[in-house]
Amino acid sequence: MKYTRILLKLSGEALMGNQQYGIDAERLMQYAEEIKAAAATGTQVAVVIGGGNIFRGVQAEAFGLDRVQGDYMGMLATVINSMALQSALEKLNVNTRLLSGVTIQRVCEPYIRRRALRHLEKGRVVIFGAGIGSPYFTTDSAASLRAIEIEADVVLKGTRVDGIYTADPEKDPTAVRYPEITFEEVMEKNLNVMDMTAFTLCKENNLPIIVFDMNKGGNLQRLIAGETVGTLVKMGTAPAPKFDAQPSTLQPTTEA
Ligand code: UDP
């Protein structure tokens, strides 16, 4: 097993399966099975799940509603998805805890970092609900932030495409997949991996991201076993610092 601790990010939309809205029962159980198999390897598993299958904050503006209110609605949507995933995992006899960034004391624990760590150490699958608990963020940002906080080895972003391509593979047939790419290249080429806030958090904290196809059975386990699946985004090897051959001729100054 390659990783001690992983953070798996699943989008809410992926939970829809072929539906237009909400949760597809079959897809939900499929994800629960994959997570169970991942946890059974002994890797500690934390999960962040989105809410786009129910509500996104930006939709509120289209309705003429308040954006911040919409964002909280989106956060609550992620709690609904998290509760569904928790229940599906429990059906498979997997111990889980749901920790929410917005306190909803009857249904889940509040997010407390040390608690999350303790649950993980005990082998429980930890689900982080309600994103980071603040508007104007996304669950991708929550995934990056929580992963850094719990010192996960990697963020595994499960999507319906099997990695990062030179162009959108669903639109451009000539697009090819990168097996590996650096954070800098992603920025230079303007590729879409995560939103900028989430991406920058990973980059600045040297946290690798793997984008992979979560709908292909066994992929998560293969990744944990160390196989190359999807696209790995990692730090580039920094160029050697260049020093001037001549020492500086600047005189120290006493000026304020
Ligand atoms: N959201 C938020 N703060 C967070 C996480 C989520 O305001 O920390 C809101 C935001 O409105 C977002 C919605 O919750 O659109 C659902 O999350 P997201 O769009 O990330 O879900 P996904 O695209 O992964 O399904």
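Counting convention: from 1, in listed order, for ligands and their atoms alike.
Between Lys9 and ligand 1, an N or O atom pair is found at a separation short of 3.5 Å. Residue Arg56 has at least one nitrogen or oxygen atom sitting less than 3.5 Å from a nitrogen or oxygen atom of ligand 1, judged on distance alone. Considering backbone and side-chain N/O of Thr139, one or more are found under 3.5 Å from N/O of ligand 1. Backbone and side-chain nitrogen or oxygen atoms of Phe137 are examined, and one is located within less than 3.5 angstrom of a nitrogen or oxygen of ligand 1. Between Gly52 and ligand 1, an N or O atom pair is found at a separation short of 3.5 Å.
The hydrophobic side chain of Met16 is isolated, with no ILVMFWY side chain under 4.5 Å apart from it.
Legend: ring pair (Phe, Tyr, Trp, His ring centres under 6.0 Å) pairs involving residues 195-220, not counting sequence neighbours, sorted by first then second residue: Phe183-Phe199.
Residue, atom and distance of the protein heavy atom nearest to atom 5 (C) of ligand 1 are Thr138 C, 3.4 Å. Looking at atom 7 (O) of ligand 1, its nearest protein heavy atom turns out to be Asp71 CB, 3.2 Å.
Remark: Arg146 qualifies as a cation-pi partner of Tyr111 under the 6.0 Å distance and 45° angle criteria applied to the six-membered ring.
Contacts between Met73 and ligand 1, counted as non-hydrogen atom pairs separated by less than 4.0 Å, are absent for every part of the residue. Contacts between Phe55 and ligand 1, counted as non-hydrogen atom pairs separated by less than 4.0 Å, involve the backbone only.
Listed by number with element, the atoms of ligand 1 under 4.0 Å from a non-hydrogen atom of Gly50 are 21 (O), 22 (P), 24 (O), 25 (O).
One finds no salt bridge joining Asp24 and Arg27 here, because no Lys/Arg side-chain nitrogen approaches an Asp/Glu carboxylate oxygen to under 4.0 Å.
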